[in-house]
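Each ligand, and each atom within it, is numbered from 1 in the order the structure gives. This structure is a prediction, so every number in the text was calculated from the model and none was measured.
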Amino acid sequence: MNSTLIIFGATGDLAGRFLLPALAELAAAETLPQDFSLTAVATAEMTHEAYRDHAAKKLNEHGAEHPESARSWILDRTRYRSTDVTDAADMADLIAESTSAPAPKAASAPAPAPKSASAPKSAPESGAGSAPVRDPPVTVYLALPTGLMPDALRALAAAGLPQGSRIAMEKPFGDDLNGAGELDDLLGELFGDDAAQMVFNVDHALGMAPLQAMLPLRFANPLPEAVWNGEHIAEFRLLWEESIALEGRARFYDSTGALKDVLQNHLMQLLTMSAMERPAGIESGWPSAAKLRARKTELLSAVRPLSGDDVLTSTRRARYTAGTLADDAEAEGKQVPDYVDEEGVDGSQSTETFAEVVLHIDSPRWQGTRFRLRTGKALARMRKGIEVLFRPVGAAQEGARLWIGLDGPFDVELDLNSSSSRDRSARLSLIGDQPRPDFTPYGHVLKDVLAGESDLAAGPEESMLSWQILTPVMEAWASGDVSMEDYPAGSAGPDSEPPTGPRPQPASGQLSDAKQQPVPGRRPDVEQQPFQGQRPDVEQPASERQP
Ligand SMILES: NC(=O)C1=CN([C@@H]2O[C@H](COP(=O)(O)OP(=O)(O)OC[C@H]3O[C@@H](n4cnc5c(N)ncnc54)[C@H](OP(=O)(O)O)[C@@H]3O)[C@@H](O)[C@H]2O)C=CC1
Ligand SMILES: O=C1O[C@H](COP(=O)(O)O)[C@@H](O)[C@H](O)[C@H]1O
């Protein structure tokens with residue numbers, strides 16, 4: 001496991017809300033090497049102590065559930081450096097400094113064992129404060145706005161990274177289809193064939209244990225798999241609804257919006273994990289990263305392209321107006337102004353805080369099923385999960401419903417048709433909890449990134465296909481063809497009818513002619529596999545449940 005971590009964007013929201021708490025979590029679980037050190041980087045001038053104070057506050061705010069000893073263990077190994085991420089010379093100094101000097105406090109303060117006095121699970125490569133290892137590998141985490149990624153990567157390549165180093169890049173991968181293609185080309189230019197091993201495209205949705213569990217749930221049980229198709233499922237709702245609003249992130253969010261921030265990446269991962277065909281290797285535990293990506297790209301390639309007209313019937317966008325946020329642990333019932341009046345927001349940009357898109361997949365398995373992807377900020381409650389609406393059978397008014405919570409509560413709910421007596425129908429709800437995840441999503445991500453694993457990294461092809469699917473939406477929204485709706489902060493969202501989707505699906509057994517154009521992938525690690533869906537003869541059922 002790499003023991004030197006450098007976080008760019010260390011004063012940002014991601015670092016404070018997720019990365020620092022995840023490091024404390026890993027320290028508490030004794031997963032980090034004893035000689036672990038963190039170099040926190042941003043542009044602001046600050047002393048090590050000032051940064052540690054800042055980090056301690058963030059850990060109190062977002063990581064209070066981790067033991068005090070684990071939080072101090074991280075802080076003791078943290079130094080701060082102001083560096084221009086686009087400057088190669090500055091970058092080279094930073095890397096040399098991060099790998100050659102012991103972390104400022106680690107040499108003087110004995111490392112408190114976070115949970116017990118036992119040895120860490122990963123063997124230390126050198127003790128804290130011992131003689132530096134020559135050119136040890138580093139892990140560079142780019143928690144930066146997307147626009148900075150190309151310059152940061154160029155500077156890193158020019159500075160030269162020690163053998164075995166890794167780069168973690170936050171989503172979204174590029175800003176649109178062209179940007180993602182250019183970024184992929186740039187990675188190839190800068191790092192050649194090593195790019196696939198070296199660069200980890202982070203999408204923390206993939207670190208959510210229940211999303212990983214979708215594969216065993218679907219493929220290691222006969223029950224869901226037998227009905228996991230368009231004949232039985234009318235609609236998937238892939239939801240990433242947040243109760244929080246901007247949280248001071250206007251600089252980032254106002255040039256991004258809900259579609260690019262969440263729908264293009266996290267929700268597309270929910271889509272692929274819910275709908276992909278069986279990946280080879282799942283029967284023996286977990287598929288290889290290449291096999292998994294092959295199934296994901298196959299699925300995304302089969303998403304029916306949206307025409308300009310389809311965008312009108314298949315999408316909604318909105319932004320919040322003044323209101324009171326939900327009274328939960330994150331949003332705390334705060335009052336917020338109209339989105340356009342939030343500090344740092346440029347109202348003329350028409351940035352949406354709510355996005356909904358309905359897609360169809362032209363594969364034998366998924367004929368007639370709607371895939372509804374919905375995300376938004378300042379909504380009535382925090383709800384991330386997958387809702388599966390089954391088609392009604394016989395005289396039943398409603399079909400069965402399955403809910404899988406992804407990010408706490410980790411609830412699973414199965415609503416079935418039953419009856420309370422011979423002549424009265426009633427719903428039977430089976431409710432349970434999923435197994436507790438070992439780590440939070442960012443705990444998983446950081447553990448994998450530091451350990452050099454790639455199973456949970458998102459492939460660049462997936463990102464490009466996702467951008468390709470959404471390009472017509474972005475174009476229609478930019479030209480104003482789909483009007484911007486609004487919703488009071490803290491409400492369930494806009495009160496218009498949810499979109500129902502585009503034109504009728506192709507006649508039974510036929511797949512759409514208008515397939516997505518293949519996106520040229522540079523990485524050699526994606527294997528294309530043919531569809532193995534079993535039901536080419538499924539007909540569109542008469543009753544389609546309305547959202
Ligand atoms: N916040 C979140 O909840 C999540 C964010 N992400 C992703 O993380 C990334 C960062 O988001 P977030 O933390 O919210 O953004 P913020 O705007 O909160 O933070 C951006 C960080 O980048 C630093 N920075 C900006 N310009 C430079 C530069 N030229 N050189 C060095 N550092 C620079 C800023 O430091 P300074 O102020 O000193 O310039 C700041 O630390 C985005 O890609 C986002 O998609 C992913 C998942 C969750
Ligand atoms: O990627 C992002 O995710 C967060 C939400 O993450 P979660 O794990 O708390 O659901 C979101 O707030 C942020 O805007 C986005 O960049």
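- The nearest non-hydrogen atom to atom 40 (C) of ligand 1, considering only Thr11, Leu19, Ile7, Val202, comes from Thr11.
- Ion pair Lys171/Asp261 flagged as a salt bridge, since at least one NZ, NE, NH1 or NH2 atom sits closer than 4.0 Å to an Asp/Glu carboxylate oxygen.
- For Ser243 and Glu330, the side-chain atoms include no donor-acceptor pair closer than 3.5 Å.
- At a 3.5 angstrom cut-off on N or O pairs, Ala44 counts as close to ligand 1.
- The aromatic rings of Tyr80 and Tyr51 sit parallel, their planes meeting at an angle under 30°, below the 60° perpendicular limit.
- Heavy-atom separations between Tyr253 and ligand 1 are all 4.0 Å or longer.
- Those atoms of ligand 1 that come under 4.0 Å of a heavy atom in Thr83, given as number and element, are 30 (N), 31 (C).
- At a heavy-atom distance under 4.0 Å, atoms from both the backbone and the side chain of Lys171 approach ligand 1.
- Using cut-offs of 30° and 60° for the angle between ring planes, the His266 and Trp240 rings count as parallel.
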Query raised in the report: Can you list the steps and then say if Ile167 with Leu156 is a side chain to side chain contact (heavy atoms under 4.5 Å, CB included)?
Result: CA-CA 9 Å; Ile167 300 172; Leu156 279 173; 3.9 Å; yes
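- Near Arg251, the atoms of ligand 1 lying under 4.0 angstrom from a non-hydrogen atom of the residue are 34 (C), 37 (O), 39 (O).
- Checked by distance only, ligand 1 and Arg17 stay at 3.5 Å or farther apart across all their nitrogen or oxygen atoms.
- A side-chain donor from one of Lys296 and Gln269 sits under 3.5 Å from a side-chain acceptor of the other.
- Among protein heavy atoms, atom 23 (C) of ligand 1 sits closest to Gly9 CA, 3.7 Å.
- A side-chain donor-acceptor contact under 3.5 Å links Arg166 and Ser454.
- Remark: Arg71 fails to qualify as a cation-pi partner of Trp73 under the 6.0 Å distance and 45° angle criteria applied to the six-membered ring.
- Of all protein heavy atoms, the one closest to atom 38 (O) of ligand 1 is Thr43 OG1, 2.6 Å.
- Of all protein heavy atoms, the one lying nearest to atom 18 (O) of ligand 1 is Asp13 N, 2.9 Å.
- Contact annotation: for Phe8 versus ligand 1, there are no heavy atoms closer than 4.0 Å.
- With ring centers used as reference points, Phe18 lies under 6.0 Å from His204.
- Proximity of Tyr442 to ligand 1, defined as any heavy-atom pair under 4.0 Å, is confined to the side chain (atoms from C-beta onward).
- In the model, Arg319 has no side-chain atom that pairs as donor or acceptor with a side-chain atom of Thr351 under 3.5 Å.
- At a heavy-atom cutoff of 4.0 Å, ligand 2 is surrounded by Phe18, Lys171, His204, Trp240, Glu242, Arg249, Asp261, His266, Lys377, Lys384, Asp407.
- One finds a salt bridge joining Arg401 and Glu387 here, because a Lys/Arg side-chain nitrogen approaches an Asp/Glu carboxylate oxygen to under 4.0 Å.
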Requested in this report: Under the salt bridge (Lys or Arg N to Asp or Glu O under 4.0 Å) rule, what do Glu241 and Lys384 come out as? Steps first, then yes or no, please.
Outcome: CA-CA 6 Å; Glu241 300 178 345; Lys384 273 162 259 167; over 6 Å; no
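- Looking only at atom types and distance, the side chain of Thr315 has a donor-acceptor partner in the side chain of Trp477 under 3.5 Å away.
- For atom 27 (C) of ligand 1, the closest non-hydrogen atom of the protein is Leu148 CD1, 3.4 Å.
- No side-chain donor from either of Glu475 and Thr471 sits under 3.5 Å from a side-chain acceptor of the other.
- For atom 24 (N) of ligand 1, the closest non-hydrogen atom of the protein is Leu144 CD2, 3.8 Å.
- When only non-hydrogen protein atoms are considered, atom 8 (O) of ligand 1 lies nearest to Leu14 CD2, 3.3 Å.
- Those atoms of ligand 1 that come under 4.0 Å of a heavy atom in Val85, given as number and element, are 28 (C), 29 (N), 30 (N), 31 (C).
- Residues Asp175 and Lys260 are paired through a salt bridge, judged by an N-O separation under 4.0 Å between the basic side chain and the carboxylate.
- In terms of protein heavy atoms, atom 19 (O) of ligand 1 is closest to Gly12 CA, 3.3 Å.
- Nearest to atom 17 (O) of ligand 1 among the protein's heavy atoms is Phe252 CB, 3.9 Å.
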